[in-house]
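Structure record follows, encoded as structure tokens.
Heavy atoms only: backbone and side chains are in, while hydrogens, waters and symmetry mates are out.
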Amino acid sequence: MPTLSEVLLSPANLPGVHADLRALIDAEVADKTGPSGLAVKGGYAAVKKVSPSVIDDAVKSLWPKYVTALEPLWNRWAGAGDFGAFLASHADEAADALLGVTDERIAVTSKQAIKKVYSTMRPSAKKNVIAALPRLGALVQKWAG
């Protein structure tokens with residue numbers, strides 16, 4: 001049986017996976033409400049204004065590391081039910097693994113505007129990642145399940 005990385009990072013699947021990831025990100029941002037939702041939407045718009053391709057570039061560069069971070073959870077899940085629900089039931093572990101990837105990337109970026117936006121959004125990032133886990137799990141299961 002192929003690994004999660006082999007399936008999700010295969011050249012045949014990557015264009016579709018990337019498109020689904022961009023749609024997931026847009027949907028998660030659009031769903032945010034209230035004052036914190038306005039902050040997320042504002043930060044997202046600011047990052048896209050700095051560089052219109054930044055989201056696509058981030059998806060392409062970070063996705064392999066996110067897949068690596070998800071692989072242990074995928075292996076523990078082992079096909080029993082809904083992977084999104086499994087991720088949600090392991091929310092702290094999954095969110096910390098995913099945010100660890102982003103934190104490492106931000107630490108080495110030379111784009112100060114992106115660092116600034118990330119630093120203002122990072123304190124609430126975990127709750128936003130946790131909220132996205134069901135959709136992310138469904139995306140992963142769609143392509144790898």
Side-chain angles (χ1 to χ4, degrees), residues 1-109 111 114 117-145:
M1 186 161 125
T3 67
L4 187 63
S5 294
E6 290 169 339
V7 174
L8 293 179
L9 302 177
S10 77
N13 289 342
L14 268 179
V17 171
H18 286 164
D20 283 356
L21 285 165
R22 287 187 302 274
L24 181 151
I25 293 165
D26 287 342
E28 285 295 323
V29 171
D31 285 353
K32 301 300 176 208
T33 60
S36 64
L38 287 175
V40 169
K41 289 175 181 180
Y44 190 63
V47 166
K48 287 171 67 173
K49 188 174 183 179
V50 168
S51 173
S53 67
V54 73
I55 302 304
D56 287 336
D57 294 344
V59 165
K60 288 175 184 171
S61 68
L62 293 175
W63 182 239
K65 292 178 182 175
Y66 286 139
V67 172
T68 299
L70 289 170
E71 189 107 37
L73 289 155
W74 176 262
N75 291 339
R76 285 199 340 248
W77 170 69
D82 178 340
F83 186 56
F86 178 85
L87 287 179
S89 72
H90 295 82
D92 283 334
E93 179 184 359
D96 289 342
L98 294 168
L99 286 169
V101 169
T102 310
D103 290 345
E104 287 176 13
R105 176 64 182 108
I106 291 297
V108 299
T109 188
K111 296 177 181 172
I114 291 174
V117 170
Y118 186 78
S119 70
T120 62
M121 296 177 69
R122 180 56 174 94
S124 62
K126 188 169 182 176
K127 74 175 177 128
N128 292 318
V129 171
I130 287 171
L133 290 174
R135 275 186 177 143
L136 178 61
L139 183 153
V140 169
Q141 191 171 3
K142 170 187 169 182
W143 287 97

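Partners of V40 by side-chain contact (heavy atoms from CB on, under 4.5 Å), not counting sequence neighbours, listed by chain and number: V29, K32, M121, N128. A search for salt bridge (charged side-chain N to carboxylate O under 4.0 Å, His left out) contacts involving R105 returns nothing, not counting sequence neighbours. Looking at residues two or more places apart in sequence or on another chain, you find a salt bridge (charged side-chain N to carboxylate O under 4.0 Å, His left out) between D103 and R122. The side chain to side chain donor-acceptor pair (under 3.5 Å) search around E28 returns R135, not counting sequence neighbours. Evaluation of the salt bridge (charged side-chain N to carboxylate O under 4.0 Å, His left out) rule for K48 yields no partner, not counting sequence neighbours. With sequence neighbours excluded, the residues forming a side-chain contact (heavy atoms from CB on, under 4.5 Å) with A69 are A97, V101, listed by chain and number. Judged as a salt bridge (charged side-chain N to carboxylate O under 4.0 Å, His left out), and not counting sequence neighbours, D57 has no contacts. Here L14 pairs with L9, H18, W63 under the side-chain contact (heavy atoms from CB on, under 4.5 Å) rule; sequence neighbours left out. Applying the side-chain contact (heavy atoms from CB on, under 4.5 Å) criterion to A88, with sequence neighbours excluded, gives P134.
Atom CG of L21 and atom CG of L139 lie 5.0 Å apart (nearest 0.5 Å). A distance of 11.5 Å separates CH2 of W74 from OG of S5, quoted to the nearest 0.5 Å. Put simply, CG on L98 and CG on L70 are 5.0 Å apart, with the number rounded to the nearest 0.5 Å. To the nearest 0.5 Å, the span separating CH2 on W77 from CG on L87 amounts to 9.5 Å. Between K111 atom NZ and I106 atom CD1 the span is 10.0 Å, to the nearest 0.5 Å.
Residue pairs satisfying the salt bridge (charged side-chain N to carboxylate O under 4.0 Å, His left out) criterion with at least one member in residues 62-81, sequence neighbours excluded, are listed as follows: R76-E93. The salt bridge (charged side-chain N to carboxylate O under 4.0 Å, His left out) pairs that include a residue from residues 5-21 are D20-K142, where partners are two or more places apart or lie in different chains. Within the structure, salt bridge (charged side-chain N to carboxylate O under 4.0 Å, His left out) contacts touching residues 33-45 (residues at least two apart or in different chains) do not occur.
Contact detail for G84 and D82: the closest heavy-atom pair is N-OD1, 2.7 Å. The minimum heavy-atom distance between A91 and L133, with the atom names listed, is CA-CD1, 3.7 Å. Listed here is the closest heavy atom pair of V17 and L8: CG2-O, 4.1 Å.
Ring pair F83/F86 is parallel by interplanar angle, where below 30° counts as parallel and above 60° as perpendicular.
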Please step through side-chain contact (heavy atoms from CB on, under 4.5 Å) for the pair I25 and V59, ending with a clear verdict. CA-CA 10 Å; I25 293 165; V59 165; 3.8 Å; yes
Apply side-chain contact (heavy atoms from CB on, under 4.5 Å) to the pair Y66 and L136, showing each step before the final yes or no. CA-CA 11 Å; Y66 286 139; L136 178 61; over 6 Å; no
